[in-house]
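Report on the following structure.
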Number of protein chains: 2
Amino acid sequence: MSSLMQIGELSERAKVSHRTIHYYERLGLVKPAEREGVGYRYYDEVSVKRLEKIAALKRLGLSLDEIAAVIDLYFEEASGIKGKEKVLEILQAQLAKADAQLSELTEFKRDVETNIARMQALIAEAKQG
Amino acid sequence: MSSLMQIGELSERAKVSHRTIHYYERLGLVKPAEREGVGYRYYDEVSVKRLEKIAALKRLGLSLDEIAAVIDLYFEEASGIKGKEKVLEILQAQLAKADAQLSELTEFKRDVETNIARMQALIAEAKQG
DNA sequence: CCTAAACCTACACCCAACGTCAGGTTCAGG
DNA sequence: CCTGAACCTGACGTTGGGTGTAGGTTTAGG
């Protein structure tokens, strides 16, 4: 009696439209915990987390295909022994990408801060020049 | 005699197709330093930097429209007095966005590192279990 | 002066990631 | 049993960020 929810509630809780959920399902990103006969989709709590994780990965700039390739790592026990080293490779690539993005982002932030200071100075100057 | 270059060279140096350069020009992201009559486009060194900056901002997840809104800050003197406060607003929004992205990215990195450790443990275990 | 390489414009087309719409089904409450 | 809300599928539309191509022009070098 794990209290499943329908797509409407999932949609609200994960802040994702139901059409998007359908779309993600076709791409293999999410699937209902249960689907009796040919009827409604029923989801569990994990689906909420899964959609939130997908959103987070998207914000990092991953495409849906790239996300599909790694999302299971977050929600399933490690796949068969043979694939573990490949999974490790993927993770290390993502780490490298994250590092690169971090330094680029840090630099960007510095630039923005510089520009903000410059703007504020110019505004102050204009206001009492 | 500042030795201008044509679009082909710019394209090669900035690693951006000439079609994309045309496209960016329509969006107001770049423009040739010179264009005699109705003929070829001629670019200077600044254009190379500009395209590289655009690429960097794209990697941070900015749309071309957002980039258009700020790119001039990097290459021109501050625009007219009236717009300065709006520019400041844009910059502050970008700073907030960058901060959010930074913390998300940091969290993501931690997750990936955890998963890497987990994978490595599993692999080691499998190799001598 | 001629030609090939590089350029020009304009329009059509592509892909990812959705959203919209139409027409039909299911389900819960009164 | 009936109705309205929630759901279903499938086809088509849209937006962002480009790419492809046709048909014409410019220019540098021999």
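Order of the sequence lines fixes the chain letters, A, B, ..., with proteins taken first and strands second; residue numbering starts at 1 for each chain.
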Separation of [X] atom [atom1] from [N] atom [atom2], in whole Å?
X       : N      : atom1 : atom2 : answer
A:Leu27 : C:dC15 : CG    : P     : 15 Å
B:His18 : D:dT21 : NE2   : C1'   : 11 Å
A:Glu25 : C:dC18 : CD    : P     : 15 Å
B:His22 : C:dC7  : NE2   : C1'   : 8 Å
B:Leu10 : C:dC7  : CG    : C1'   : 14 Å
B:Leu4  : C:dC7  : CG    : P     : 14 Å
B:Arg35 : D:dT25 : CZ    : P     : 15 Å
A:Arg26 : C:dA16 : CZ    : P     : 11 Å

With rounding to the nearest 0.5 angstrom, report the OH to OG1 distance, B:Tyr74 to A:Thr114.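 Going from OH on B:Tyr74 over to OG1 on A:Thr114, the span is 9.0 Å.
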To the nearest 0.5 Å, tell me how far B:Arg59 CZ sits from A:Phe108 CZ.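 It is 12.5 Å, given to the nearest 0.5 Å.
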Test your reading of the model: is there a side-chain donor-acceptor pair from [X] to the backbone of [Y], 3.5 Å cut-off?
X        : Y        : result
A:Asp99  : A:Leu102 : no
B:Gln101 : A:Leu105 : no
A:Arg118 : B:Leu73  : yes
A:Arg50  : A:Lys31  : no

Check every strand shown and say whether B:Tyr42 touches a base, only sugar-phosphate, or nothing at a heavy-atom separation below 4.0 Å.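 Counting heavy atoms under 4.0 Å across all strands, no contact is made by B:Tyr42.
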Establish, with yes or no, whether the OP1 or OP2 oxygen of [N] is under 4.0 angstrom from a side-chain nitrogen or oxygen of [X].
X       : N      : result
A:Tyr23 : C:dA16 : no
B:Thr20 : D:dG17 : no
A:Arg41 : D:dC8  : yes

Looking at residues 52-66 of chain A, who's got a heavy atom less than 4.0 Å off DNA chain D?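 The stretch gives none, as no residue of it lies under 4.0 Å from the strand.
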Worked verdict on A:Arg13 versus A:Glu52 for salt bridge (charged side-chain N to carboxylate O under 4.0 Å, His left out): CA-CA 9 Å; A:Arg13 291 187 50 194; A:Glu52 285 168 356; over 6 Å; no
For nucleotides 3-6 of chain D, list the nitrogen or oxygen atoms of the protein found under 3.5 Å from its nitrogen or oxygen atoms, one pair per line.
residue, atom, partner, partner atom, Å
D:dA6, O3', A:Gln6, NE2, 3.4
D:dA6, N3, A:Tyr40, OH, 2.8

Determine whether a donor-acceptor pair (one donor, one acceptor, N or O, separation below 3.5 Å) exists between the side chain of A:Arg19 and the base of D:dG10.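 Indeed there is one.
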B:Lys97 and B:Glu66: salt bridge (charged side-chain N to carboxylate O under 4.0 Å, His left out), yes or no, with the steps? CA-CA 12 Å; B:Lys97 194 173 167 186; B:Glu66 289 172 322; 3.6 Å; yes
Taking atom CD as the centre, does B:Glu12 end up with more than 12 heavy-atom neighbours from other residues, nucleotides or ligands that are less than 6.0 angstrom away?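 12 or below, so no.
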Between B:Ser17 and A:Glu9, which is nearer to the 5' end of DNA chain D once each is assigned its nearest nucleotide?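 Upstream on the strand: A:Glu9.
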